[in-house]
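In what follows, a single structure is set out as structure tokens and then discussed.
Just so you know, ligand 1 is whichever comes first in the structure, and atom 1 is the first atom listed for that ligand.
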Amino acid sequence: MREFTFFLPTKIVFGRDVVRKAGEGLPLGKKALIVTGRSSARKSGALDDVLSVLKGEYVIFDRVENNPTGENCLEGAELAKKENCDYIIAIGGGSPLDAAKAMAVLAVNDKRPIELYQGWEHRALPIAAIPTTAGTGSEVTPYAVLTIHEEETKKGLGGPDLFPAVAYLDPKYTASLSREVTVDTAVDALSHLVEGYLSNRATSASDLTALQGIAVWGTAIEALRTGELTMEAREDLLLASMLGGVTIAQTGTTFVHALGYPLTYFHGYPHGRANGVFMASYLEYNHGYAPERVDTVLELLGLPSLEAFRELMDELLAEGAYQIEVSEEQIRAYAEKAAKTRNAAYSRGTPSADELTKILKDNIL
Ligand code: NAP
Ligand code: FE
């Protein structure tokens with residue numbers, strides 16, 4: 001007997017010029033806190049579109065860092081409080097979108113960021129999310145991933161009120177991305193789709209979005225390989241990224257993400273690239289538990305074998321490859337921490353610290 005819940009309270013508006021077309025429907029309250037990174041909102045044209053239709057009051061917080069910390073989010077929340085903002089418009093990659101979610105909670109709850117992991121009382125401010133990368137799917141997830149220095153890692157917090165109220169997805173905003181960031185973020189989207197499909201929390205409903213997303217991602221492989229990123233390819237990648245977000249909103253991510261976080265925290269890898277390092281081994285590992293699912297992933301991507309998948313990841317990530325110094329002790333510590341995460345518990349076979357040590361060694365030594 002199948003049993004599942006599929007929860008997605010975010011209204012998704014996808015297409016060309018959707019922000020301009022939203023017009024008077026854009027404001028979710030009286031005064032907006034517009035949250036962005038340092039330059040992507042302007043570079044992508046998304047901020048101009050928002051300001052061209054936003055009639056109400058607003059104040060801009062444009063200091064979100066990559067891989068934002070709690071302190072960074074607190075800064076934005078203080079501004080929201082001081083300016084009496086009652087909703088948020090978040091523009092950017094996963095970093096500004098996630099930071100905006102934490103700000104939405106901190107603006108109405110008197111808490112330190114680290115305390116958010118134990119929950120909060122007052123409902124977060126409503127958010128309109130406008131992604132400028134095609135990767136995290138944060139515009140449709142209830143998660144915010146923050147850098148937590150106390151624990152030397154990145155950690156996701158979540159709550160049903162962190163789903164943005166509305167997501168506006170326009171592929172034209174991703175046209176200003178470099179090839180490298182396009183590839184890194186696309187690999188993040190693929191990891192959400194594949195991890196969601198192979199998670200032990202996958203359901204009949206999450207499978208629908210995962211399978212559709214993997215197939216759509218597959219159609220963009222040639223564009224990612226050649227760097228000829230047409231608007232059609234960018235549209236496919238944004239759609240796949242959103243479907244990945246919808247998928248992990250139901251399933252969560254698995255051990256690929258748990259292994260990726262230390263590469264980002266300690267070695268500066270961009271998030272998607274850090275996941276990409278482990279994706280081939282992840283499929284190989286899962287072949288032992290769900291061979292038919294792994295075969296389906298390969299088939300949808302149009303790849304003949306697990307080796308072909310590894311070659312694809314190597315090829316895509318070759319440009320800007322990282323050389324890192326890491327000791328056996330560090331690897332063991334990363335594996336032990338990862339084995340204790342929820343991501344590991346959501347993985348088929350619940351990998352042990354020994355198994356994760358091997359996967360880390362195989363891929364980064
Ligand atoms: P990001 O950190 O938001 O952005 C990476 C870089 O790309 C930044 O320098 C950014 O510039 C730039 N950029 C963004 N859009 C651009 C555009 N259209 N044109 C030119 N440059 C652009 O990268 P991301 O991969 O999207 O997000 C990663 C974060 O999301 C990580 O913290 C990760 O852990 C998190 N994440 C969250 C979820 C979730 O469910 N919530 C899922 C997976 C990952 P600016 O500095 O100017 O913004
Ligand atoms: Fe991710």
Nearest-neighbour protein heavy atom for atom 48 (O) of ligand 1, which is reported as residue plus atom name and distance: Ser40 OG, 2.7 Å
For ligand 1, the portion of Thr136 having any non-hydrogen atom under 4.0 Å away: both
For ligand 1, the portion of Asp98 having any non-hydrogen atom under 4.0 Å away: side chain
Heavy atom of the protein closest to atom 19 (N) of ligand 1 (residue, atom name, distance): Ser176 OG, 2.8 Å
Aromatic ring proximity Tyr285/Phe255, centre distance under 6.0 Å: yes
Closest candidate by heavy atom, reference atom 24 (P) of ligand 1, pool Gly245, Gly94, Pro131, Ser241: Gly94
Those atoms of ligand 1 less than 4.0 Å from some heavy atom in Thr133: 14 (C), 15 (N), 26 (O)
Thr132 contact mode with ligand 1 (heavy-atom cut-off under 4.0 Å): both
Test item: side-chain donor near acceptor, Asp184 and His271, under 3.5 Å: no
Closest protein heavy atom to atom 40 (O) of ligand 1, given as residue, atom name and distance to 0.1 Å: Thr141 OG1, 2.9 Å
Side chain to side chain donor-acceptor pair (under 3.5 Å) against Tyr261, all qualifying residues, sequence neighbours excluded: none
Nitrogen or oxygen atoms of His192 and ligand 1 under 3.5 Å apart: no
Residue portion contacting ligand 1 (non-hydrogen atoms closer than 4.0 Å) for Thr253: neither
Mode of Glu65 contact toward ligand 1 - side chain, backbone, both, neither (heavy atoms, under 4.0 Å): neither
Protein contact to atom 18 (N) of ligand 1 [nearest heavy atom, distance to 0.1 Å]: Tyr173 O, 2.8 Å
Ser44 N/O to ligand 1 N/O under 3.5 Å: no
Centroid-centroid under 6.0 Å between Tyr282 and His287 rings: no
Protein N/O/S atoms closer than 2.8 Å to the Fe ion (ligand 2): Asp188 OD1, His192 NE2, His257 NE2, His271 NE2
Any N/O pair Lys43/ligand 1 closer than 3.5 Å: no
Backbone of Phe278 reached by a side-chain donor or acceptor of Ser281 within 3.5 Å: no
Residue among Glu311, Glu319, Glu315 satisfying salt bridge (Lys or Arg N to Asp or Glu O under 4.0 Å) with Arg225: Glu315
